[in-house]
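Report on the following structure.
What you see is a predicted model; the values in this text were computed from it and never measured.
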Amino acid sequence: MSKVNIQTTISPFTQEAVCTRPLLSESELDNVVTAAVKAQKSWRKVPLDDRIAIAEKWVVSFHRAITSNKS
């Protein structure tokens, strides 16, 4: 049986665990980096105003998600 390494993300503000997940293998990490490089090649062609609008929508969505999960 192979050992699965895990990583726990700790909030620097509360010092509480935020999430725990398995670490990527070396080949999985290589695939992620390759995909990111490929995505950046098309993303850099998107006009700045469009990228800003997309980022602003993401921020609103992210804010809703984290505030709706508060206890």
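Note on Trp58 and Ile66: same hydrophobic cluster, where clusters join Ile, Leu, Val, Met, Phe, Trp and Tyr whose side-chain heavy atoms are under 4.5 Å apart, directly or indirectly.
Taking 4.5 Å as the limit, every side-chain heavy atom of Leu23 sits out of range of all side-chain heavy atoms of Ile6.
Sequence neighbours left out, not one pair with a member in residues 33-57 passes side chain to side chain donor-acceptor pair (under 3.5 Å). Applying the side chain to side chain donor-acceptor pair (under 3.5 Å) definition to pairs two or more places apart or across chains, those involving residues 9-18 are Thr9-Arg21, Ser11-Thr14.
Counting non-hydrogen atoms of other residues, nucleotides and ligands closer than 6.0 Å to CD of Gln7 gives a total above 12.
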